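Bear in mind the structure is a predicted one, so any value in this text is a computation, not a measurement.
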Amino acid sequence: ELLIQAVDIKKGKSVDYLYFILKGNVHLSKIYKKNEENKVNVERFLTLPKFSWFGDYQILSHMNSNFNFIAGHKGVTLL
């Protein structure tokens, strides 16, 4: 089965696949330094909706991810 329910690609890591969003959405974020309580603050700045894709730019240009791609919440299906 090729369907994926979750993905967490960190900034600076390699992207090995081209992902198509069949259901739900994927969030792009920047992760900031830990605060005084040792918690990481995450700021979402873009949401890729259903029928979008990602990973093509990184694969074709042989670059690591320049953002954090986060999916894994209920209702997400990727191919």
Side-chain angles (χ1 to χ4, degrees):
E1 172 124 348
L2 296 175
L3 298 180
I4 301 168
Q5 299 297 320
V7 66
D8 187 7
I9 300 171
K10 301 285 188 222
K11 181 178 178 180
K13 300 296 181 182
S14 65
V15 179
D16 300 321
Y17 303 101
L18 174 60
Y19 296 92
F20 295 95
I21 305 168
L22 302 178
K23 182 179 176 186
N25 50 48
V26 173
H27 302 291
L28 278 70
S29 71
K30 298 178 182 180
I31 294 184
Y32 292 94
K33 295 180 181 178
K34 292 182 179 181
N35 62 19
E36 307 84 42
E37 299 160 356
N38 212 26
K39 293 182 181 178
V40 176
N41 294 320
V42 177
E43 178 185 325
R44 295 178 184 170
F45 67 92
L46 182 66
T47 298
L48 299 175
K50 179 178 170 181
F51 302 129
S52 297
W53 64 90
F54 61 98
D56 54 334
Y57 175 76
Q58 291 82 6
I59 291 170
L60 293 172
S61 61
H62 303 285
M63 295 180 63
N64 290 337
S65 178
N66 46 348
F67 303 111
N68 299 291
F69 294 91
I70 303 167
H73 46 282
K74 187 176 179 179
V76 174
T77 303
L78 306 171
L79 173 63

Would [X] and [Y] show up in the same hydrophobic cluster when neighbours are defined by side-chain heavy atoms closer than 4.5 Å?
X	Y	answer
Phe20	Ile59	yes
Leu46	Val26	yes
Tyr57	Leu28	no

Closest heavy-atom contact between [X] and [Y]?
X	Y	answer
Ser14	Asp16	OG-OD1, 3.4 Å
Asn66	Gln58	OD1-NE2, 3.2 Å
Asn68	Lys10	OD1-CA, 3.4 Å
Leu22	Phe51	O-CE2, 4.4 Å
Ile9	Val7	CG1-CG2, 3.6 Å
Ser29	Ile70	OG-CD1, 3.4 Å

When the ring centroid of Phe67 is compared with that of Phe45, is the distance short of 6.0 Å?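 Yes, close enough.
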Look at the aromatic rings of Phe54 and Tyr19 and report parallel, tilted or perpendicular, splitting at 30° and 60°.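 Aromatic pair Phe54/Tyr19 classed parallel.
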